[in-house]
Amino acid sequence: MTGRMKYRIMQLGRLVKKQAMKKEPGIDGILVTVGLCIIALLLCVVMKDSLTTFIKTLVDAMTTKAQQILTGVSA
């Protein structure tokens, strides 16, 4: 392989690297975030009663467990 061919290959490599590392402006991330927020809001509206029951059950269970731990620590 001649020196000129090596130089051309190195140039090509730099060009490919430059193109691969170039960041394109876009709004994909924003659209995904907005979409997830809309889905979360719809779930909250549709499943309001179920979510309330779930959160109440979760808080009650955590409160009970915390009381058990505190009782065990002070004993």
Side-chain angles (χ1 to χ4, degrees):
M1 193 179 306
T2 65
R4 184 177 175 155
M5 285 182 74
K6 286 182 183 178
Y7 178 74
R8 297 284 286 171
I9 291 172
M10 286 176 54
Q11 274 187 323
L12 183 62
R14 282 190 211 118
L15 179 65
V16 169
K17 183 179 176 184
K18 183 179 176 184
Q19 290 294 324
M21 299 300 282
K22 187 168 59 169
K23 193 169 187 177
E24 295 287 332
I27 59 169
D28 294 339
I30 295 170
L31 290 177
V32 169
T33 303
V34 169
L36 289 174
C37 288
I38 290 171
I39 290 170
L41 287 172
L42 286 173
L43 283 173
C44 287
V45 169
V46 171
M47 303 180 69
K48 181 180 175 186
D49 297 330
S50 300
L51 286 173
T52 303
T53 306
F54 173 72
I55 292 170
K56 185 174 181 345
T57 304
L58 192 64
V59 169
D60 289 343
M62 289 172 58
T63 303
T64 303
K65 188 64 175 176
Q67 288 173 345
Q68 290 173 352
I69 289 171
L70 290 174
T71 304
V73 170
S74 62

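Keep in mind that the numbers below use all heavy atoms, side chains included, and drop hydrogens, waters and symmetry copies. Nothing fancy with the numbering, it's 1 onward along the sequence.
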K.L.:
Which residues pass the side chain to side chain donor-acceptor pair (under 3.5 Å) test with Gln11, sequence neighbours left out?
P.N.:
Tyr7
K.L.:
Under 4.5 Å side-chain heavy-atom separation, chaining through any Ile, Leu, Val, Met, Phe, Trp or Tyr, what else clusters with Met47? Say none if it is isolated.
P.N.:
Ile39, Leu43, Val46, Leu51
K.L.:
Which residue pairs satisfy the salt bridge (charged side-chain N to carboxylate O under 4.0 Å, His left out) criterion with at least one member in residues 45-64, sequence neighbours excluded?
P.N.:
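Listed by first then second residue: Lys56-Asp60.
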K.L.:
Once side chain to side chain contact (heavy atoms under 4.5 Å, CB included) is applied, do any residues pair with Ile55, and if so which ones, sequence neighbours excluded?
P.N.:
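For Ile55, the residues satisfying side chain to side chain contact (heavy atoms under 4.5 Å, CB included) (neighbours in sequence not counted) are Val59.
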K.L.:
What distance do Thr64 atom OG1 and Ile69 atom CD1 have between them, rounded to the nearest 0.5 Å?
P.N.:
11.0 Å
K.L.:
OG1/Thr33 to CD1/Ile38 distance, rounded to the nearest 0.5 angstrom?
P.N.:
11.0 Å
K.L.:
Please, which pairs that meet salt bridge (charged side-chain N to carboxylate O under 4.0 Å, His left out) have at least one residue in residues 7-17, sequence neighbours excluded?
P.N.:
none
